[in-house]
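Taking it in order: structure first as structure tokens, then the write-up.
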Amino acid sequence: MIVQEEKKNIIIKDLTRNIRLTNRFHIWMGFLTLCLIFCLFAYYKQIRYGLGVTGMRDYVSWGIYISTFIFFVATSLTGMLICSILVLLGQKWIAPLVRISEIIALSFAVVAGLAIIADMGHPERLLYIFIYGRFKSPVLWDVVLLIVYTIICLLLYFIPLIPDAALLHERSTDIPSWQRKTYRFLSFNWKGSTEQNSLMAKAMKILLIMIIPAALAIHTITSWLFALTPRAGWNSTIFGPYFVTGAFVTGVSAMVLVMYIFRKIYGLKDYITNMHFDKIARLFVLVSLIYLYFSINKYIVPAYKMQKYESVYLHELVAGRYAPLFWTIQITGLILPTILLLFNFFRKPLQLFIISIFVFTGSWFIRYLIVVPVMENPFLPAQNLPEKFVSYTPTPVETTITIGIFIVVIMIISILSKLFPVIPVYQTIEATTNETAD
Amino acid sequence: MPDQNNSSEKNNRRRFLKSLGLIIAGIVAGSLTIFFRSRFQTRKPGKPVIKLTASNKSMELANAAFIRPRLNSDSLQPHGRIGLTGKRWVMVIDLSKCNNTRKCIQACQSAHQLRPEQFHINTLLMKDSPMTAPYYLPKQCQQCDNPGCVSVCPVNATFKRTDGIVLIDNERCIGCRICLAACPYSARIFNWFDPRDAEKYSQQPYDIELNVPQKRGTVSKCIFSADKLRKGELPYCVSACPNGVYWFGDENEDAVTNGTTKQTIRLSELISDNAGYRLMEELGQKPRVYYLPPKNRMFPFQEETINKNEENI
């Protein structure tokens, strides 16, 4: 009994180490806030002078905002993959990583909306979507699903947090009172009774199942924003699964990045072990192979036929203006990582972290290449227009705003990781006690 | 003990529900007051005004009498959303006559408050395949009967009228630009900056059938000059063409009128005699604009005109 009590204390001490609003955290947040204010200034400029301050024009009317939006939606898919599918499959090793995946899913899903708002000509009319909504429009479906998905993510994050919040409220005394009150509120009177436990288990089961169709739907509908238009290059029947599988890759790479950083900063080496990285890397190979399969289908089928309009766009990608970017991404962001991760040496934390950086950035550029080159090659030629109207280059203002959106994500992740344990404490204790009991 | 515990929990819940109910009731009551206040607020009569009548007598009038009925979008909007009864507008463009004079473009841009680089209609230099002859293609919104742009609009800002025209309500448009992506003819434009002469037009009430004043951050496009049609006149571009490129009319009447010669003939005959076609039929958008192939061109195609035009740009 005493041994167990000691063990429990060690776990609690280790896993709540991150909950301290240290000076370093304040400096970090201050720095982010300063950057964000600078980015908000760029947004003010956009509001003041119109979307003309961006590089978008009539022919390329969607640019890096929309690329960022689909990238964010893709990243948030990790919440479904890691949290739901692996848990439902009974993969016990994933337990310490579940909350990290939910942090990513939640923050990216929330902020994806910001990317859309940045892209709107009249952001103050956002509510018109609900007031005058036209049911036939995929935009409406996308907005509704994004909200539903965000709510499910929110619940999936906060429900397993209830016992942890109770524990934090009970144990920590050296924290400001507002923080203590927050924990008390979030603990919802948790006492750990059998009834409460079974209620929570039931709720989690429902949510874990619900998130799968919601996540599939949000990704498919996001791809339909493109696939439902007649443009050559988007007019594809495999766009839905292509987006979903791409999102698996993005999600897993984001997962590795956050896992590695948390482990490093919060000293969680005993809880997120090399074994976890190894298994995640194996998962990485699996999802990359699936994505590779869909990519090959997406590019080779039209490339073989070389129909009039498709051929122009494909030529731009494979041998034209976008060729350097296209091949760099395909090789460093997909093919090479898949091959490297087959070897034991690269499935170690640091190596995997470095590979994930490439995959994560590559994923953003893949989204860019989905959106921009297609719009640059319309059916009818763009003539009698200034050069700027025909081809697209993001402007500094636009880039700054996009960076601002990324800063918001980093801020949300930082705050969540400082207020709450990033590894579920209660579940970890349960697991160890069960082990000893066995 | 457990009983006591339970009852205190129950009390808690009751208290919570009570306060929640109060808050909701407060919000509802507040919003209702605000709503009805704006509904039933009456205009206070101001000071009486002294005016001179036509027969040179002074007359005292209540101030309220001078409030002119505001010609605002509230009154212009409803009829703009309903098409002209019994009409099915259709346009025929004779490619053999187009010499890229660009008079149609100028007329359109001045009527619709467009900048020089904004086109509701644009003449494109086309060359379909290596052996075929080049020609000029006036391209505007095709007013499709199966419009992809209308389906994807999330707020019903762009809509199809019974007379076949696809219009835009720029007081509704949220500027998401999915309609630009969905249009295969690239007929739609966006107001990236303030429109031309924004100051001058700012006082004008918004006319949905002219789409003026244009608004920054909203979409615009060719609307077959719906305001002209309501007056019984031909669209701006049609009447501005010096070469007789455009025929415009009503499919129900089966008659089209040439904008230059004002000659009126049968639509069905014009199309069948000249092998008329629609742009990119295979996309299934069902355009309402027909093109007559560039056969026996009135103007031999000159490389010089191309070069001259390129210089202009």
Side-chain angles (χ1 to χ4, degrees), chain A residues 46-47 49-54 56-62 66 116 119-143 189 224-226 228-232 234-235 308-309 371 374-375 378-389, chain B residues 9 12 100 102 105 116-119 122-127 137 139 148-159 169-194 215-219 279-280 282-285 309-310 312-313:
Chain A
Q46 181 180 308
I47 293 283
Y49 299 104
L51 277 166
V53 297
T54 66
M56 295 184 278
R57 286 299 180 267
D58 294 336
Y59 277 84
V60 187
S61 57
W62 278 345
I66 294 290
I116 283 286
D119 187 64
M120 283 169 62
H122 274 277
E124 82 281 4
R125 296 182 181 172
L126 184 66
L127 283 180
Y128 282 14
I129 294 177
F130 304 104
I131 301 171
Y132 302 112
R134 175 184 274 149
F135 186 69
K136 204 180 170 188
S137 165
V139 179
L140 182 70
W141 309 339
D142 208 42
V143 170
N189 240 338
W224 285 4
L225 293 181
F226 304 93
L228 293 185
T229 69
R231 300 248 172 181
W234 289 346
N235 187 3
K308 186 175 166 191
Y309 301 109
V371 176
V374 170
M375 297 205 99
F379 289 117
L380 295 170
Q383 289 174 2
N384 310 315
L385 289 164
E387 174 55 30
K388 215 182 157 213
F389 274 60
Chain B
E9 247 174 42
N12 260 337
N100 195 21
R102 300 183 87 74
I105 300 170
E117 72 276 8
Q118 290 184 301
F119 298 105
N122 194 357
T123 49
L124 305 178
L125 172 61
M126 299 292 285
K127 193 166 159 54
L137 176 91
K139 179 216 70 177
C149 54
V150 170
S151 307
V152 295
C153 178
V155 292
N156 215 353
T158 184
F159 53 92
D169 179 352
N170 77 17
E171 296 190 326
R172 177 77 64 84
C173 177
I174 59 170
C176 69
R177 303 193 299 291
I178 191 169
C179 53
L180 271 81
C183 177
Y185 304 99
S186 309
R188 287 172 167 256
I189 58 167
F190 187 74
N191 284 301
W192 300 98
F193 291 106
D194 273 327
K215 272 191 199 64
R216 187 181 71 205
T218 62
V219 173
L279 273 188
M280 293 189 281
E282 69 275 13
L283 296 177
Q285 309 278 315
N309 276 316
E310 272 168 2
N312 284 345
I313 303 155

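Convention: sequence-line order gives letters A, B, ...; per-chain numbering from 1.
- Most heavy-atom pairs under 4.5 Å with chain B, from the set A:Phe130, A:Phe389, A:Tyr309, A:Trp234: that is A:Phe389.
- Both the backbone and the side chain of A:Met120 come within contact range of chain B, with heavy atoms under 4.5 Å apart.
- A:Phe135 does not touch chain B: none of its heavy atoms, backbone or side chain, sits under 4.5 Å away.
- For the pair B:Phe119 and A:Gln383, the minimum side-chain heavy-atom distance is 4.5 Å or more.
- The minimum heavy-atom distance linking B:Phe193 with A:Tyr49 is given by the pair CD2-O, 3.4 Å.
- Within the 4.5 angstrom heavy-atom criterion, no atom of A:Trp141 approaches chain B.
- Of the atoms belonging to A:Ile129, heavy atoms from both backbone and side chain fall under 4.5 Å from chain B.
- No part of B:Val219 comes within reach of chain A, as not one of its non-hydrogen atoms sits under 4.5 angstrom from that chain.
- In terms of non-hydrogen atom pairs under 4.5 Å with chain B, the most contact-rich of A:Pro378, A:Pro381, A:Gly133 is A:Pro381.
- Residue B:Leu283 touches chain A through its side chain alone, counting heavy-atom pairs closer than 4.5 Å.
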Check the pair A:Arg134, B:Val150 against side-chain contact (heavy atoms from CB on, under 4.5 Å), reporting the backbone distance first and the verdict last.
CA-CA 10 Å; A:Arg134 175 184 274 149; B:Val150 170; 3.7 Å; yes
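- Scanning both residues, B:Arg172 and A:Tyr128, for their nearest heavy atoms gives O-CD2, 3.3 Å.
- The CE atom of B:Met126 sits 5.5 Å away from the CG atom of A:Leu380 when rounded to the nearest 0.5 Å.
- Of the possible donor and acceptor atoms, none in the side chain of A:Trp62 sits under 3.5 Å from a partner among the backbone N and O of B:Leu180.
- Heavy-atom distances place the backbone of A:Ile47, and not its side chain, under 4.5 Å from chain B.
- Between chain A and the residues B:Ala157, B:Pro116, B:Cys176, the most heavy-atom pairs under 4.5 angstrom are made by B:Cys176.
- Closest approach of B:Arg177 to A:Leu51, counting heavy atoms only: NH1-CD1, 3.2 Å.
- Heavy atoms only, all atoms of each residue included: B:Cys153 and A:Ser137 are closest at O-CB, 3.4 Å.
- Interface summary for chain B: among A:Asp119, A:Ile66, A:Val143, the most heavy-atom pairs under 4.5 angstrom belong to A:Asp119.
- With hydrogens and angles disregarded, a donor-acceptor distance shorter than 3.5 Å links the side chain of A:Arg125 to the backbone of B:Cys173.
- For a residue to count as touching a neighbouring chain, one of its non-hydrogen atoms must lie under 4.5 Å from one of that chain's; by this rule A:Tyr59 touches chain B with the side chain only.
- Looking at A:Asn384, its side chain never comes within 3.5 Å of a backbone N or O of B:Leu124 through a donor-acceptor pair.
- By number of non-hydrogen pairs under 4.5 angstrom with chain A, the leading residue of B:Ala181, B:Gly175, B:Gly148 is B:Ala181.
- When heavy atoms are compared at a cutoff of 4.5 Å, B:Ile105 does not approach chain A at all.
- Taking all atoms of both residues into account, the shortest heavy-atom contact from B:Arg188 to A:Asp58 is O-CB, 4.4 Å.
- For A:Phe226, no part lies near chain B; criterion is any non-hydrogen pair under 4.5 Å.
- Proximity to chain A (any heavy atom under 4.5 Å) is shown, for B:Asn156, by both the backbone and the side chain.
- B:Ser186 and A:Arg231 get closest at one heavy-atom pair: OG-NH2, 4.4 Å.
- Comparing A:Lys136, A:Met375, A:Arg57 by heavy-atom pairs within less than 4.5 Å of chain B, the highest count is held by A:Arg57.
- With a 4.5 Å cut-off on side-chain heavy atoms, A:Leu225 and B:Ile178 count as touching.
- For B:Gln285, the part lying near chain A is the side chain, with the backbone staying farther off; criterion is any non-hydrogen pair under 4.5 Å.
- Without hydrogens or angle criteria, B:Glu117 side chain to A:Pro386 main chain gives no donor-acceptor distance under 3.5 Å.
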